[in-house]
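For the single chain, residues carry numbers from 1 onward in sequence order. Side-chain atoms are counted along with the backbone in the values below, which use heavy atoms only and exclude waters and symmetry mates.
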Amino acid sequence: MDLKQSFDQAVAHHRAGRTAEAEQGYRAVLQARPDHEFALQNLALILRFRGDYASALRLYQMSAALVPADAGLQVHIARVLNLLGQHEAALEALDRALAIDPGSKDAFNNLGVTYQHMLRHEEALVHFDRAVELDPNFGLAIANRAIMLETLGRLEPAVADYRRGLALDPGNVTALGAKLALQLRLCDWSDYAIDAPRIRELIGEGRAADQPISFLMHTDDPAAQLQCARLYAATRHPGRPAPLWTGEAYGHERIRVAYVSSDFRVHAVGHLVRELFGCHDRARFEVSAYALGPRADDEVRRAIQAGLEHFHDVADLDDLAIVRRLREAEIDIVVDLNGFTTHSRSGIFAHRPAPIQINYLGYPGTMGTDVMDYVIADRHVVPQGSEGFFAEQVIRLPGSYQVNGIRQARVAETPSRAQAGLPEEAFVFASFNDNKKILPEMFEVWMRLLKAVPQSVLWLFGTSDLTVRNLRREAEARGVSGDRLVFARQAPMDQHLARQKLADLFLDTFPYAAHTTASDALGVGLPILTLEGRGFASRVAGGLLRELGLAELATQSLQAYEALALDLARQPARLADIRARLAQALPTARVFDPRAVCRDLERAFETASAIQRSGQPARGFDVHMDD
């Protein structure tokens with residue numbers, strides 16, 4: 001077989017998806033002719049999708065040296081440099097592409113992507129605009145522009161761009177999930193009945209149509225959630241880079257624990273962990289935090305820093321630089337407090353900087369990859385028998401997995417109902433979950449409750465004027481005056497906690513239930529009614545209620561949820577008894593004792609360390625409460 005036939009055969013394998021055979025064929029061609037530019041490029045493409053970015057970059061650069069006037073090769077080089085976190089070098093490659101071809105729409109689109117990585121959003125938008133000017137039917141650039149518009153708060157144009165981008169490029173299924181996630185933020189349910197089932201269907205077919213965090217809004221099926229996480233992890237990190245920790249034994253006198261998060265600031269996670277770090281036993285643990293971007297200088301950040309031995313601001317470092325710092329510090333256990341949430345940097349953990357890597361608190365589910373050794377949970381959120389829905393090994397804490405400093409939180413003076421915009425005599429249903437968690441089916445229940453309890457209102461967050469208009473319109477469509485929806489705006493935490501005391505009953509969302517919002521409400525004495533599902537995200541509020549002796553408020557069906565809500569609204573004595581029991585439980589509740597939860601975490605860390613030092617693979621275990 002001559003060289004051309006060998007190359008053509010490799011291409012045929014590649015097109016048929018037989019990448020192993022294609023790779024073997026390309027390598028054979030290159031062995032015979034090392035300067036075969038197309039074999040270099042095609043092999044680089046295979047290696048790029050496998051995650052071997054360094055090798056892919058080397059091959060693209062070799063090809064570019066052979067064909068210096070090819071703008072497309074410089075775009076490929078920039079893509080790989082971005083995957084490596086080398087964004088400045090990517091900009092240089094794209095400048096070379098535009099010097100070769102000033103009208104390259106792909107170069108402008110990738111400039112937008114690069115500036116997006118660098119958090120220079122306005123510059124990113126300019127370049128996406130230019131790509132679309134060059135080709136008004138460039139669906140990918142339009143979808144990318146939608147992301148930037150959403151990031152910059154221009155939400156209605158973002159929805160329009162998502163729709164237009166999908167119409168031009170229906171194969172861009174990730175844009176479908178992004179569009180619906182944005183619409184849910186706005187409580188725009190116009191596409192929900194079509195898009196949500198389609199996203200579930202695509203995930204079932206093995207297509208990464210949604211991010212795991214937004215997919216939690218569409219199902220409580222833990223098997224589907226695991227599938228979504230696996231697809232997303234494989235797409236985001238298609239290969240496994242060489243680990244930086246390769247089995248070395250450290251033998252430190254104290255276990256070195258590093259918490260990594262973007263949320264050491266005024267944020268739900270920051271609110272939860274602000275008391276945790278100061279509770280660690282410094283005789284046994286050396287604790288550090290690595291703060292990803294965005295930067296902050298607020299009371300939560302300062303409180304967190306005060307409780308730590310070591311605090312590292314690594315917002316400006318790329319993944320590999322952070323990994324090297326963790327490895328150089330000989331961290332024994334690295335704890336990811338982000339998971340798949342906003343500003344997450346899961347690429348850090350793909351490089352294996354530490355012997356033990358743990359998924360905890362920030363993301364209520366599996367990361368879908370064995371890069372994380374453990375997930376920390378409890379017997380409520382991950383019941384016995386559901387471990388198979390997690391790629392990680394499950395550690396169950398004896399009480400709630402959720403650490404919480406609500407007991408130490410500052411609470412402002414309770415305002416009057418008039419000051420909060422509430423009717424003085426009304427029964428106040430409240431739901432202070434993020435608006436994106438409100439789905440049409442649960443909203444139907446809430447509207448039936450308002451109809452059945454005439455002197456009642458529903459108190460919600462109004463994160464934007466558009467959201468308020470959409471929710472009032474949806475209420476009117478169901479025969480309820482929009483005036484019976486009362487909207488609270490964002491407020492400092494002490495004021496937000498105080499105003500919740502004015503409500504009578506917190507109505508939880510489903511399938512993505514209240515987490516921090518549940519503990520905030522319960523912590524100030526506001527009962528919460530929840531619907532427990534099968535997945536972690538739908539079981540957090542139920543777990544908190546069970547820990548507080550209020551299991552009857554964790555319902556098992558939508559019908560039971562609605563019936564109990566109506567009963568509590570109509571029977572003030574029953575609701576008063578529940579409030580009294582909650583008030584009695586709060587002063588000694590272990591769930592709101594960060595020192596107790598910290599001791600549980602420390603026992604988990606010690607057990608995981610003992611397993612690792614013995615040479616055994618990670619295995620799940622339950623932590624037992626101390627005497």
Give a yes or no on whether the backbone of [Y] and the side-chain of [X] come within a donor-acceptor separation of less than 3.5 Å.
X    : Y    : value
E392 : Y374 : no
R539 : G533 : yes
R534 : A223 : no
E387 : G385 : yes
S431 : L507 : yes
N470 : L186 : yes
E547 : V591 : no
T366 : A391 : yes

Answer yes when [X] and [Y] have at least one side-chain N-carboxylate O distance shorter than 4.0 Å, and no when they do not.
X    : Y    : value
D221 : R200 : no
R265 : D298 : no
E602 : R599 : yes
R478 : E474 : yes
D465 : R489 : yes
E201 : R198 : yes
K179 : E150 : no

For residues 573-580, run the donor-acceptor check on the side chains, cut-off 3.5 Å, and write out each pair with its distance to 0.1 Å, sequence neighbours left out.
unit_1	atom_1	unit_2	atom_2	d
R574	NH1	D567	OD2	2.3
R579	NH1	A503	O	3.1
R579	NH1	D504	O	3.1

Can you check side-chain hydrogen bond (donor to acceptor under 3.5 Å, both in side chains) on D508 and T530, steps first, answer last? CA-CA 5 Å; D508 202 3; T530 193; 2.6 Å; yes
What's the verdict on side-chain hydrogen bond (donor to acceptor under 3.5 Å, both in side chains) for T467 and R185, showing C-alpha distance, side-chain angles and the deciding distance? CA-CA 8 Å; T467 302; R185 280 181 60 194; over 6 Å; no
Just to verify, what does E532 make a side-chain hydrogen bond (donor to acceptor under 3.5 Å, both in side chains) with, not counting sequence neighbours? R546, Q556
Output all residues satisfying side-chain hydrogen bond (donor to acceptor under 3.5 Å, both in side chains) with Q402, sequence neighbours left out; order by chain, then residue number.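 Q402 satisfies side-chain hydrogen bond (donor to acceptor under 3.5 Å, both in side chains) with N404, S519 only.
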Please say whether more than 12 non-hydrogen atoms of neighbouring residues, nucleotides or ligands are located less than 6.0 Å from [atom1] in [X].
X    : atom1 : result
Q584 : CD    : no
R230 : CZ    : no
R302 : CZ    : yes

With respect to L582, which candidate in I528, L522, L526, L545 satisfies the side-chain contact (heavy atoms from CB on, under 4.5 Å) definition?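 Result for side-chain contact (heavy atoms from CB on, under 4.5 Å) with L582: L522.
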Distance-only polar pair, side chains of D520 and H496, donor-acceptor under 3.5 Å: no
Kindly assign one of parallel, tilted or perpendicular to the pair [X] and [Y], based on the angle between their ring planes and the thresholds 30° and 60°.
X    : Y    : answer
F536 : Y401 : perpendicular
F432 : F506 : perpendicular
Y512 : H515 : tilted

